[in-house]
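See below for the structure under consideration.
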Amino acid sequence: MKKLFILAFALGSFSWLSAADTAAGKAAYDVSCKKCHGADGTPVAAIAKMMKVEMRHLGDKAVQAKPDAELKKETVDGIGKMKAMPQVAKDADNIVAFMRTLKK
Ligand code: HEC
């Protein structure tokens with residue numbers, strides 16, 4: 001247990017050094033995005049069907065080819081049938097950093 005704590009702490013302080021925090025991004029993603037985009041970016045079929053839209057995996061080449069600024073804008077302002085999510089604005093950089101880890 002103690003070891004786990006130290007590991008978590010070490011990982012936490014490590015990600016603190018980088019500009020964007022992928023761990024915090026994952027936490028925010030799990031709360032706000034997972035229900036539609038799946039834990040690893042795989043679209044939830046029932047959601048795509050309900051919203052009547054083709055959803056791409058967030059790790060797809062076409063999605064990953066977008067610059068950070070664009071992914072950030074889509075995250076906060078929404079895109080197509082996805083509604084704007086102003087509540088994630090403060091975490092947007094971290095969420096984008098997490099989305100980069102989903103690259104296939
Ligand atoms: C209610 C379901 C829902 C939630 C919650 C949601 N999305 Fe989406 N998202 C969608 C749908 C549907 C699309 C496809 C929209 C379209 O093509 O019309 C989409 C598209 C996207 C795209 C563009 C992907 C592409 O194909 O280019 C990104 C990036 C994205 N979402 C990120 C996020 C992030 C980050 C979050 C959490 C902050 C989030 N979404 C939350 C439903 C959702």
Side-chain angles (χ1 to χ4, degrees):
M1 197 61 198
K2 202 173 168 194
K3 266 191 191 147
L4 252 181
F5 178 77
I6 292 167
L7 181 70
F9 183 77
L11 285 174
S13 37
F14 177 72
S15 51
W16 233 89
L17 295 174
S18 58
D21 185 337
T22 47
K26 182 186 184 320
Y29 178 95
D30 282 352
V31 172
S32 305
C33 324
K34 197 168 101 175
K35 55 183 172 283
C36 295
H37 290 287
D40 66 349
T42 309
V44 176
I47 295 286
K49 198 174 166 193
M50 191 182 79
M51 294 177 83
K52 295 191 173 59
V53 65
E54 285 278 337
M55 287 173 72
R56 284 190 287 215
H57 190 293
L58 292 180
D60 265 11
K61 241 187 186 163
V63 180
Q64 292 287 330
K66 298 180 186 184
D68 285 0
E70 194 174 337
L71 287 179
K72 188 175 168 181
K73 187 178 187 308
E74 292 171 357
T75 296
V76 180
D77 298 344
I79 168 175
K81 293 196 173 168
M82 177 182 146
K83 286 201 189 116
M85 306 190 74
Q87 71 274 25
V88 301
K90 64 176 180 7
D91 294 315
D93 285 321
N94 294 339
I95 293 175
V96 170
F98 172 68
M99 277 195 276
R100 292 297 182 202
T101 70
L102 303 176
K103 194 171 182 171
K104 286 203 247 180

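These numbers were taken from a predicted model, which means no experiment stands behind them. Position 1 is the first residue of the sequence, and the numbers go up from there.
Hydrophobic cluster membership of Val53, counting Ile, Leu, Val, Met, Phe, Trp and Tyr whose side-chain heavy atoms lie under 4.5 Å apart directly or via other members: Val44, Ile47, Met50, Met51, Met55.
For residues 82-104, the set of pairs meeting the ring-ring contact (aromatic ring centres under 6.0 Å, His included) definition, not counting sequence neighbours, comprises Tyr29-Phe98. The side chain to side chain donor-acceptor pair (under 3.5 Å) contacts involving residues 95-104 comprise Asp60-Lys104, Gln64-Arg100, Asp68-Arg100, where partners must be two or more places apart or lie in separate chains. Listed by first and then second residue, the ring-ring contact (aromatic ring centres under 6.0 Å, His included) pairs involving residues 63-94 amount to none (not counting sequence neighbours). For residues 40-69, no residue pair satisfies the ring-ring contact (aromatic ring centres under 6.0 Å, His included) rule, not counting sequence neighbours.
Under the side-chain contact (heavy atoms from CB on, under 4.5 Å) criterion, Lys35 pairs with no residue, sequence neighbours left out. Evaluation of the side-chain hydrogen bond (donor to acceptor under 3.5 Å, both in side chains) rule for Lys66 yields Glu74 as partners, not counting sequence neighbours. Asp91 meets the side-chain hydrogen bond (donor to acceptor under 3.5 Å, both in side chains) test with no other residue; sequence neighbours excluded. In this view, Lys73 and Asp77 satisfy the side-chain hydrogen bond (donor to acceptor under 3.5 Å, both in side chains) rule, not counting sequence neighbours. Remark: Asp40 engages no residue in a salt bridge (Lys or Arg N to Asp or Glu O under 4.0 Å) (not counting sequence neighbours).
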Less than 3.5 Å apart, which donor and acceptor atoms pair up between the side chains of residues 82-89 and the rest of the protein, not counting sequence neighbours?
none

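Not one N or O on the side chain of Lys72 forms a donor-acceptor pair closer than 3.5 Å with the backbone of Val96. Using modelled atom types, one side-chain atom of Asn94 and one backbone atom of Asp21 make a donor-acceptor pair closer than 3.5 Å.
More than 12 heavy atoms of other residues, nucleotides or ligands sit less than 6.0 Å from atom NZ of Lys81.
Contact check for Thr75 versus Met99: side-chain heavy atoms found under the 4.5 Å cut-off.
Remark: Cys33 SG to Leu58 CG distance equals 8.0 Å, nearest 0.5 Å.
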